[in-house]
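To find a chain, count down the sequence lines: A is the first, B the second, and so on, and within it residues start at 1. Worth saying up front: this structure is predicted, and the values here are computed from it rather than measured.
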Amino acid sequence: MASLKTFIKAVRKAKTIADERNVVKKESASIRTSFKDVNLDQNTRRVNISKLLYLYIIGEKTHFGQVECIKLLASPKFIDKRLGYLATMLLLDENQEVLTLLTNSLDNDMKHTNHYVVAQALCCLGNIASLELSRDLYQNVEKLMQSKNAYLKKKATIVASKLIDKNPDLLEFFVGFIPTLITDKSQGVLLASLKLIQSCFNSVEETDRFNLPNTYTTLIGHLKKLITSGYNPDYDVLGINDPFLIINLISTLRLLSTVPDLPAKNLEMLNDVLTQICSNIEIGKNVNHAVLYECIKTIFSINSDQSLKILGINLLGKFLSTKDNNTKYVALNTLLTVVNIEPNAVQRHRSIIVSCLSDGDISIRRRSLELSFAILNESNIRILIKEIVNYLKTTDDNDLKPYIISQLILSIEKFSPNDNWKFDNLIKVLNYSDNHVQIDYISNILSLVIRLTATDLKKSILLKMFKLNYENDNMNKNKLGLALTTVWCLGEYFELINNEHIEINDEKVLVNDEKVLEYFKILSNNSNYSIGETNQLTSYIINSLIKLSNKFSNNSSLNQIKLLLESHANSSDLEIQIRSVEYLQILTQDSKLRKGLLSKMPAPKLKKKEMLTLNDSTNKRSTPTPKSHSDNRVALENDLLDFNDDVEKKPEVVIKNDLLSDIFSNSKSTSANPRAHNDILDLFDAPTVSHTAPTSVPVAEELIIYTDANIVIKFLPKSVGNGFAQIESHIQSKTSQAITNFQLLIAVPKSQKLTISTNNLVNLVSPSDVIVQNIKLTGKEGSKVKFRIKFNYHLNGKLVEHMFDYSLKQNL
Amino acid sequence: MSIHYVLILNRQGKTRLSRWYDKTYSRGAQNKSITEIHRLVSSRDSKHQSNFIEYQEKKLVYRRYAGLYFIMSIDINDSELAYLESLHFFVEILDVYFDNVCELDLVFNFYKLYAILDEVYLGGEIHEVSKSRILARLTELDRLE
């Protein structure tokens with residue numbers, strides 16, 4: 001049988017993957033066969049297992065050798081034991097029954113006279129540390145912790161901590177060693193005992209921690225001695241005496257300082273020693289930073305002195321100004337966590353934070369961006385927004401853009417010094433945000449424009465946007481956010497800029513109805529947008545067109561509006577098609593009615609949007625948190641067609657809705673039940689399809705129409721058909737927490753009439769509680785049954801809302 | 001609080017060492033992670049990027065030495081700088097032990113590589129930080145064979 005070396009060489013020589021597979025397969029098979037030999041000698045076994053390990057490292061299957069590993073480590077020869085233990089640690093996982101075979105060998109070897117054999121066994125136990133092994137072997141570990149040999153004592157202590165991590169019940173056997181261990185002369189034992197202290201601390205209940213041995217003062221003493229003692233060649237790392245021990249001492253002290261009743265004396269001692277370390281270690285090498293970083297982490301985790309906190313933040317500032325990306329990375333990360341504790345101190349490092357926006361490392365850029373938003377306030381908004389907008393302009397990181405844009409819009413809205421500045425910057429943001437601005441935020445900006453009372457400003461905003469849009473290089477680019485905003489504003493405020501002159505590419509241009517229509521046409525012909533984007537744009541354009549129909553006086557322009565609308569009346573997008581047809585209808589109405597219909601949009605309520613955080617740790621993209629409309633429980637109409645809620649809906653439509661329904665509905669008074677707001681969805685519903693009248697079919701099949709972690713909504717159709725449907729809705733809770741103030745709202749197409757009985761319950765406390773409501777629906781026979789369902793409730797004092805559409809399989 | 005796993009990969013993604021202290025990874029998950037980690041690490045620009053990557057709700061601390069990536073996975077809240085320093089410490093020992101270590105040393109002597117790792121880290125905890133002691137022990141171990 002070939003040696004390990006020959007085998008490795010053969011694998012390496014393989015020129016193709018197929019060749020390699022062949023070599024591996026062959027060797028694997030021959031190892032397998034040899035293991036079947038009951039009289040296999042240990043030497044062959046060892047060679048085979050070493051090959052098996054090589055197979056393990058390169059990611060091959062090795063499960064068949066597990067028992068062999070244990071046979072090998074039972075050999076009396078050290079060379080066999082050593083490889084046997086290595087193989088056992090690598091190839092076995094703790095769930096395997098084979099592990100029970102191991103217990104005996106470990107037990108024997110931990111009593112071995114050769115301490116290198118004992119060390120092998122300890123190492124194996126520490127690395128595997130299964131629950132069963134820990135139960136069977138903790139006494140051996142206990143004994144070894146009292147060994148005179150520091151090498152074994154140290155290993156046994158670490159193993160003890162690992163056993164406690166796995167099985168906290170074992171704490172009582174080991175915790176008593178701590179006081180003697182931490183006074184041990186051996187540096188290694190001290191290092192290991194710190195781990196034991198941490199494991200003990202973490203495995204007892206918070207209330208029992210005072211029972212643990214008090215090590216605080218001793219540890220502080222060690223720390224003090226370390227930082228004042230001279231050069232020690234064994235443990236020195238680039239001029240720092242034993243940094244690993246220092247770091248572990250500090251982190252252990254940090255952990256011990258988290259108890260609620262930490263004596264003031266202890267805190268004072270820690271404060272002193274941290275101050276001493278922070279002021280004695282220079283910025284420069286990684287190891288220095290590692291020690292300082294541990295101090296800084298501790299400063300902000302304990303209730304340290306104000307002066308120490310400032311010292312900590314200044315150190316982070318120094319970290320940021322180094323050239324080392326690692327140091328910058330940890331500094332930004334830490335600043336992010338302390339910005340809430342010490343906002344002013346962090347502010348002082350603003351310029352360095354901002355300069356990190358242009359760093360070569362994306363994770364540094366992300367963090368400095370997040371931090372920039374975190375420190376943004378009224379006093380620094382001008383400078384910070386300028387920097388961030390610049391960043392937005394230049395960055396290629398499209399994943400990050402929605403986050404930047406939404407944060408920019410929210411911050412500008414919140415902190416801007418005046419309206420002029422506000423809109424100046426909002427337009428800049430729109431201009432640089434290409435297609436990445438979320439529709440919600442466009443609505444936000446639009447409502448800000450509506451609320452603006454200064455006509456002059458409105459006018460200049462509109463002119464600026466129009467100009468930006470029209471500039472040559474913009475027309476061919478994707479600037480959806482800017483285009484949507486401009487289109488909407490033109491429809492609403494065209495008269496403000498009519499007959500004004502603007503300069504487009506150094507050319508004076510008169511803004512009039514023709515120019516606007518030309519602009520719309522250019523936009524419509526921009527083929528850079530996706531289908532969805534084009535539809536969105538078209539929706540905005542046709543709305544703008546109908547509004548403009550009231551503002552244009554020129555007959556040919558009016559005619560163009562009509563032609564444009566007609567061109568969309570055949571749109572494959574249902575929404576656009578319906579709207580175009582309706583608008584064409586409006587065009588035929590007399591001017592007085594149109595004037596009322598198309599009057600200006602009143603300012604809607606501004607929605608509060610929460611500031612977002614970039615959850616970088618999981619690498620998730622930022623998405624806006626679910627909007628909470630806690631205050632305004634307005635009528636269903638408004639909610640369902642909410643200004644911000646739905647991407648497809650256009651702002652004007654919301655308001656016109658009722659007016660339109662007056663024109664198109666037969667009679668409004670049909671809806672007697674206040675809950676059945678039938679009139680609201682007419683505009684959005686597909687034309688009903690007539691079928692030959694089906695007979696009424698009683699159906700009792702339970703339909704789960706909605707379910708999430710908290711609730712389940714079921715529909716029990718009692719009967720559907722003959723233009724009538726009767727459905728029972730059942731709402732049940734799935735959580736153990738109480739759901740209160742449950743409210744179910746349902747809307748149906750205009751052509752149908754809906755009544756809902758009042759709910760029997762409003763709170764769901766136990767799983768057996770069921771809210772039952774009867775839903776009756778009448779409408780044209782054969783028409784589809786479509787619901788828009790919305791519910792809201794309180795869970796843990798928080799409002800939860802959701803809206804969805806559901807249609808029945810059966811027709812009326 | 002401790003290291004979840006240590007890996008040594010070469011630039012082509014071949015594994016030279018893998019030690020999983022965290023036993024929750026199945027063999028399949030290990031291999032999958034290794035592939036992903038290699039992709040992450042090898043696509044980074046060592047001059048302009050930090051040595052830390054957030055991965056699977058944990059943090060990778062890595063460093064490239066010649067054609068090899070030395071990688072360890074730690075908790076999000078653990079000190080990256082300290083672990084980076086310990087990684088360097090480990091490599092320094094390899095360098096002395098193998099007398100100017102190169103990739104081939106690690107390929108053919110992988111069992112020694114693991115032995116050295118086990119002298120520095122036990123169960124994912126650094127437990128010896130004296131170079132001279134570790135080297136003396138390794139010599140002793142080799143003598144016993």
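Summarising the geometry of A/Arg254 relative to A/Ser301, their closest heavy-atom pair is CG-OG, 3.2 Å, with the distance given to 0.1 Å. B/Leu138 approaches B/Ile116 most closely through the heavy-atom pair CD1-CG1, 3.6 Å.
The candidate with the highest count of non-hydrogen atom pairs below 4.5 Å against chain A, out of B/Glu92, B/Lys59, B/His88, B/Glu119, is B/Glu119. The most heavy-atom pairs under 4.5 Å with chain B, out of A/Lys81, A/Glu294, A/Arg12, come from A/Arg12. Chain B forms more heavy-atom pairs under 4.5 Å with one residue of A/Gln187, A/Lys9, A/Met89, A/His289 than with any other, namely A/Met89. Between chain A and the residues B/Arg133, B/Lys14, B/Glu140, B/Lys131, the largest count of heavy-atom pairs under 4.5 Å involves B/Glu140. Annotation: maximal heavy-atom pairing with chain B below 4.5 Å, among A/Asn286, A/Ile8, A/Leu86, occurs at A/Asn286. Between chain A and the residues B/Tyr111, B/Phe108, B/Tyr121, B/Trp20, the most heavy-atom pairs under 4.5 angstrom are made by B/Phe108.
Only the side chain of A/Ile247 has a heavy atom closer than 4.5 Å to any heavy atom of chain B. Of the atoms belonging to A/Lys77, not a single heavy atom falls under 4.5 Å from chain B. Within the 4.5 angstrom heavy-atom criterion, no atom of A/Ile364 approaches chain B. Proximity to chain B is limited to the side chain of A/Leu83, based on heavy atoms less than 4.5 angstrom apart. Residue contact with chain B, scored on non-hydrogen atoms closer than 4.5 Å, involves the backbone and the side chain of A/Val287 alike. At a 4.5 Å heavy-atom cutoff, the contact between A/Lys154 and chain B is made by side-chain atoms alone. Neither the backbone nor the side chain of B/Ile8 has a heavy atom closer than 4.5 Å to any heavy atom of chain A. Using a 4.5 Å cut-off between heavy atoms, A/Lys297 contacts chain B through its side chain alone, with no backbone atom that close. For chain B, the nearby part of A/Asp242 is the side chain; its heavy atoms alone come within less than 4.5 Å. Interface remark: A/Asn333 contributes side-chain atoms only to the contact with chain B (heavy atom separation under 4.5 Å). Heavy-atom distances place no part of A/Leu245 under 4.5 Å from chain B, backbone and side chain included. In this structure, the portion of A/Val237 lying under 4.5 Å from any heavy atom of chain B is its side chain and not its backbone. Using a 4.5 Å cut-off between heavy atoms, A/Tyr85 does not touch chain B at all.
The side-chain hydrogen bond (donor to acceptor under 3.5 Å, both in side chains) contacts involving residues 93-105 of chain B comprise B/Asn10-B/Glu103, B/Arg16-B/Glu103, B/Tyr97-B/Asp142, where partners must be two or more places apart or lie in separate chains.
The stretch residues 25-35 of chain B places B/Arg27, B/Gln30, B/Asn31 near chain A, each with some heavy atom under 4.5 Å from a heavy atom of that chain.
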Criterion side-chain hydrogen bond (donor to acceptor under 3.5 Å, both in side chains) on B/Arg44 and B/Tyr62, from CA distance to verdict: CA-CA 11 Å; B/Arg44 283 170 72 92; B/Tyr62 76 98; 3.1 Å; yes

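Defined by atom type and a distance below 3.5 Å, a donor-acceptor pair is missing between the side-chain atoms of A/Asp324 and A/Thr322. At a cut-off of 3.5 Å, with distance as the only test, a side-chain donor of B/Glu36 or B/Tyr55 sits close to an acceptor on the other residue. No hydrogens or angles considered: nothing links the side chains of B/Ser50 and A/Asn325 as a donor-acceptor pair under 3.5 Å. No side-chain donor-acceptor contact under 3.5 Å links B/Ser18 and B/Thr15.
Once rounded to the nearest 0.5 Å, the distance linking OG of B/Ser42 with CD1 of B/Ile37 reads 11.5 Å.
Checked by atom type and distance alone, the side chain of A/Asp236 never pairs as donor or acceptor with a backbone atom of A/Asn232 at under 3.5 Å. Side-chain atoms of B/Asn51 do not come within 3.5 Å of backbone N or O of B/Val61 as any donor-acceptor pair. Without hydrogens or angle criteria, A/Lys162 side chain to B/Gly123 main chain gives a donor-acceptor distance under 3.5 Å. Between the side chain of A/Asn241 and the backbone N or O of A/Leu226 there is at least one donor-acceptor pair closer than 3.5 Å.
With sequence neighbours excluded, no residue forms a side-chain contact (heavy atoms from CB on, under 4.5 Å) with B/Ala136. In this structure, B/Lys112 has no side-chain hydrogen bond (donor to acceptor under 3.5 Å, both in side chains) partners at least two apart in sequence or on a different chain.
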